[in-house]
Amino acid sequence: MDYIASELVEELYKLVDSSDKIIIHRHVRPDPDAIGSQLGLKKLIQNKYPQKTVLAAGSTTKGLAWLGEMDKVSEDDYQDALVIIVDTANQPRIDGKHYNKGKSLVKIDHHPDVDDFGDLQLIYPQASSVSEIITLISVYLSDRLPMTNAAARLLYAGIVADTGRFKYDATSLYTFRAASFLKEFEFDAFEINDRFELMTLDQAKFHAYVYQHLTITDDQVAYLIITRENLSEFNISEEQTDSVINLASTLEGVLSWVTFVEGDGANTRYRGRLRSKGPAINEIASRHDGGGHPKASGANAYSEAELVEIIAEMGEANRVYLQEKQEEQA
Ligand SMILES: [Mn+2]
């Protein structure tokens, strides 16, 4: 048996079964797991209940439109609607405004539980992705919410992306079980992987720039600051910088890494993406207007001084981590 708590899934099933209208939200700046779990769940419900109205809320992201498009959702749609939020730990990160105007609110997530919202909460921090959770829910509910080819494609994409192709720490036996279950359905897994790898020549040149300009501190933190000027020079969007955040992960002598992207507003702001293969970094992120997973978080620096602070705090976390590891071995 997997980690899906059956009472919670039964409650979710009852809510879905008894609602004529269901609106699904996910986080802003969506990644493939956000879109995959949102649209995957939508397809599953639509397949089982063709008469129900199922809407995906939020703005369409150009780079991920190949996975699927969002629906037009207005405030009136929320009347008597069941609202489900996927892959979003805290309410400010929800894409779409009226999510709390439905008859009930459900949260399905794999981030650490930092913001207590929703009448029903299915939170599994041990899951690699919400796409994995939705897959296991379908497995558990069986004929009550059966898998389809279209949903399998979306959920597979979410799992592949959130695990870095089954590579990250959160990849568990349940991840492989979910993926193997999805592979029984008809969709082009090669196409999905290929899409994730594909980049423009400008992006490839930008990768080269990243390697040439990142700094590794004595405390094993790799960092890089990407300016607005860099973005226009390499003709890349802020969204496309996602492809460089893990470049430092394979470098020797790097335990944690952070990429800052300069904001385009009038005030100084750098959006930082923090990653680690050593100490947890989500507490550092939450001290700097962010949060996330222990090994992958987002934060904001509102001055160059704060940016330096974040790098220093990551260095300190690395020192403590290495010290503790040494004592364990002694
Ligand atoms: Mn996710």
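Ligands are counted one by one from 1 in listed order, and the atoms in each one are counted from 1 as well. The figures here come from the full heavy-atom set of this structure, side chains too, leaving out hydrogens, waters and symmetry mates.
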Residue and atom, protein N/O/S, under 2.8 Å of the Mn ion (ligand 1):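 Checking every protein N, O and S atom gives Asp33 OD2, Asp87 OD1, His110 NE2, Asp162 OD2.
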Donor-acceptor pair, Asn149 side chain versus Phe185 backbone, under 3.5 Å?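 Absent.
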Whether Lys107 side chain and Thr88 backbone form a donor-acceptor pair below 3.5 Å: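 No, Lys107 side chain to Thr88 backbone: no donor-acceptor pair under 3.5 Å.
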I need the Tyr174 OH to Ser128 OG distance, nearest 0.5 Å.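 Spacing of OH (Tyr174) from OG (Ser128) equals 13.0 Å.
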Taking the six-membered ring of Tyr13 (Phe, Tyr or Trp), confirm whether the NZ or CZ of Arg144 is under 6.0 Å from its centre and within 45° of its axis.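 Here Arg144 passes the 6.0 Å and 45° test against Tyr13.
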Residue pair Lys62, Glu239: steps toward the salt bridge (charged side-chain N to carboxylate O under 4.0 Å, His left out) verdict: CA-CA 10 Å; Lys62 216 176 82 207; Glu239 197 181 287; over 6 Å; no
Would you give me the side-chain donor-acceptor pairs under 3.5 Å for residues 78-86, sequence neighbours excluded?
from, atom 1, to, atom 2, distance (Å)
Tyr78, OH, His25, NE2, 2.7

